[in-house]
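First the structure, in the form of structure tokens, and then the observations on it.
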Amino acid sequence: MKTIVCGHRNPDVDSVASAFALAELKRALGNAGVEAVCPGLMPGKAVRLFEKAGVPPPRRVNDVFPRVRDVMTKDYSTVFASKTLFEAVRALRASKQNTIPVVEKDNTYIGMLSPVTLITDLLNITGESRTSLTGRSVYSSTKKIAKLLNAEFLSGKINSELKNYDIFVAAMSPDFFEKHLKSAKAENPVIIVGDRPEIHLRALRGGIRLIIITGSCPVEDIVLETARNRNVDILRTPFDSASAIRMLKLSTPARNIRLASDTAPLSPDDILHDIKHRIAASTCDLLPVCSADGKLAGVITKAALSSPPAYNVILVDHNELSQSIPGVEELSVAEVVDHHRIGIGNTPEPIKYTCDTVGSTCTIVASMYRAAGIVPSKSVATLILGGIITDTLFFQSPTTTTSDINAAKEMESISGENGEALMLEMSRIDSPLTTMSPKDAINSDRKDYFENGWKFSLSQIEENHLAVLHRMQDRIRSELDASVKADGLDFFGLMVTDAVRACSEFIMSGSPQLFAALPYKKNADGIMRMPGVLSRKKQLLPQILGILQDLPHPRGIRG
């Protein structure tokens, strides 16, 4: 089974680097099909770190919802649209499917052949004689008719041109039949007749273009000579007249018959959750899946809807599903590697859970390499080092532990990189507030929480100069206000951190009571200054949660 290793949405350097490094470790341990992904836009610092490491970054994805491509199958039968209905039905029976896709030779999808539609046409339920299998009209060619009836050409030659033929059986007196034929005003009439020379000659004089002789009956020389002179096709079949009539309808190409009407093709990119009702409501157990160019890419069965997810997920640098990539709730979480508080809730089965009170998830991944007896490559060591020094703000964050420092030193020796120089290089990456839109900036490292009835979000970004926040505060505050309203939040706060000066500032929208209760200096412009506060997880969030325990919710909601 495929496994996705994924950090939190609005990724930072630590989450992307730890996901990549853990996926590499899993593959080194023999676990095939493990892939690291980046949930959304990768931050500039992470992009630079992967360039430094000399490896391509993880594939960017916006969600992990299971899609049609994950459960569709390519093990199925098809029938070419040029085949006769007889051949198509035989292929349907041999496939042991209840429907069969009809395709052109270049695999362009035409429709699904279904017994239900065949019965509908056989019984002429719609009343449309052109498509009914009991009507007079048949769309075919002399080539297909001859093949199906196992007929020989006594006059004329094989022709692949498709036409609408009207079928008449000469089972009456010659005079009455001639009157009947004239009154019918048929398009390309075809006469089915046995050993009746008088009918043969009258049909030839009447301008008939195709005569089918049944029962392998003999045909007089005068009839054959007249037919050849008039360029009339005469076929002779061993089938009797009744059988020939039934078989003629089956000579129509599969593309020209009525196909199932509730089997519009799905796309491989369709999210299963969105189209489950459509699959369940179909009368067919097999539905087509087509690429954008109309080619048949596979089929999906109703049974596939109850199959287990096609892949599972390993969460890194987070464990709360509200902070994870959209769609993860529909997958099986196989493992968690994290250094935050535990908020994942119940899981249907036991999972592997690795959590430690360290400053970086990359520190935990480094310890997993040591435990496995595997030395990471220089590239992976560079990524792990970058994750540690950025998440601990080069060991200035209060979340920093001896384990972080030791792991960074170990990765320095493997990668050949200097942690301090690497941190300085990454800190020169353009600031989020000047390179991103205000909306992207507040959402770039956003985490959502629901605590004791309070629904709120906290974001954190790093800036080299906090003055940028003051210049842009009106636009930032406007975006915070909009998000509070759009997402139904009680409040939304942005923490802007200057790691070099070991200081953060905090701007928020909503809950003025909370803002007033936080024990930090409030500037006149409504921005809170927090000296020494570098960690959202260990310093700001606990302060907020402690206040919310005693702060009455404005709408009287309690957890």
Side-chain angles (χ1 to χ4, degrees), residues 84-86 118-159 161-252 256-258:
T84 63
L85 176 56
F86 180 84
L118 289 176
I119 292 173
T120 298
D121 286 346
L122 179 63
L123 299 178
N124 195 18
I125 291 174
T126 64
E128 298 178 18
S129 60
R130 284 291 182 191
T131 58
S132 169
L133 293 177
T134 58
R136 183 185 300 280
S137 180
V138 61
Y139 187 69
S140 190
S141 67
T142 57
K143 180 179 180 180
K144 291 185 179 299
I145 291 172
K147 180 180 180 181
L148 192 60
L149 295 181
N150 192 23
E152 59 178 323
F153 275 85
L154 301 182
S155 174
K157 58 183 180 180
I158 295 175
N159 194 320
E161 181 183 359
L162 293 166
K163 297 180 181 179
N164 277 312
Y165 293 99
D166 286 326
I167 310 301
F168 294 87
V169 181
M172 54 192 75
S173 70
D175 290 339
F176 193 85
F177 177 72
E178 190 171 2
K179 291 179 182 179
H180 173 66
L181 188 60
K182 289 179 179 179
S183 65
K185 298 180 180 179
E187 177 185 2
N188 297 317
V190 177
I191 307 303
I192 296 180
V193 61
D195 182 16
R196 302 188 64 181
E198 68 280 14
I199 294 290
H200 300 168
L201 290 173
R202 289 207 184 195
L204 291 172
R205 289 196 297 267
I208 301 300
R209 310 311 305 169
L210 176 60
I211 299 173
I212 298 176
I213 309 297
T214 59
S216 296
C217 293
V219 181
E220 294 185 0
D221 291 341
I222 184 66
V223 172
L224 294 178
E225 183 179 354
T226 303
R228 289 164 185 158
N229 291 334
R230 293 174 177 265
N231 293 320
V232 176
D233 293 329
I234 295 181
L235 300 179
R236 182 164 61 185
T237 175
F239 289 100
D240 59 33
S241 294
S243 299
I245 294 169
R246 290 195 300 269
M247 295 291 284
L248 272 173
K249 271 292 185 176
L250 300 179
S251 69
T252 298
N256 297 107
I257 63 175
R258 188 191 307 276

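Values in this document were obtained by computation on a predicted structure and should not be read as measured data.
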**Report entry** Value rounded to 0.5 Å, distance of CG in L235 from CD1 in I213
**Finding:** 9.0 Å
Tabulate below the donor-acceptor pairs under 3.5 Å that side-chain atoms of residues 142-151 make, not counting sequence neighbours, or state none.
residue: T142; atom: OG1; partner: N159; partner atom: N; Å: 3.1
residue: T142; atom: OG1; partner: N159; partner atom: O; Å: 3.0
residue: K144; atom: NZ; partner: S82; partner atom: O; Å: 2.5
residue: K147; atom: NZ; partner: E87; partner atom: OE2; Å: 3.0

Query raised in the report: Backbone N or O of V232 within a donor-acceptor pair of the S155 side chain at under 3.5 Å?
Result: yes
Requested in this report: Evaluate the side-chain proximity of I234 to V223: yes if any heavy-atom separation is below 4.5 Å, no if none is.
Outcome: yes
Requested in this report: Keeping the roles fixed (side chain from T252, backbone from Y139), state whether a donor-acceptor pair exists under 3.5 Å.
Outcome: yes
Report task. Nearest 0.5 Å please: distance from the CD1 atom of I167 over to the OG atom of S140. Result -> 9.0 Å
Report task. Report yes if some heavy atom in the side chain of L204 is under 4.5 Å from a heavy atom in the side chain of I211; otherwise report no. Result -> yes
Query raised in the report: Under a 4.5 Å cut-off applied to non-hydrogen side-chain atoms, are V190 and F168 in contact?
Result: no
**Report entry** Where at least one partner belongs to residues 199-212, residue pairs that pass side chain to side chain donor-acceptor pair (under 3.5 Å), sequence neighbours excluded
**Finding:** D175-R202, E178-R202
Query raised in the report: Measuring from L85:CG to L250:CG, what's the distance to the nearest 0.5 Å?
Result: 5.0 Å
Query raised in the report: For P218 and D195, which heavy atoms make the closest approach, and how far apart are they?
Result: O-OD1, 3.9 Å
Query raised in the report: Measuring from I191:CD1 to T214:OG1, what's the distance to the nearest 0.5 Å?
Result: 12.0 Å
Query - Spatial distance of atom OG1 (T84) from atom CD1 (I257) [nearest 0.5 Å] - result: 9.5 Å
Requested in this report: Quick one: which residue pairs count as a salt bridge (Lys or Arg N to Asp or Glu O under 4.0 Å) with a foot in residues 211-236, not counting sequence neighbours?
Outcome: E152-R236
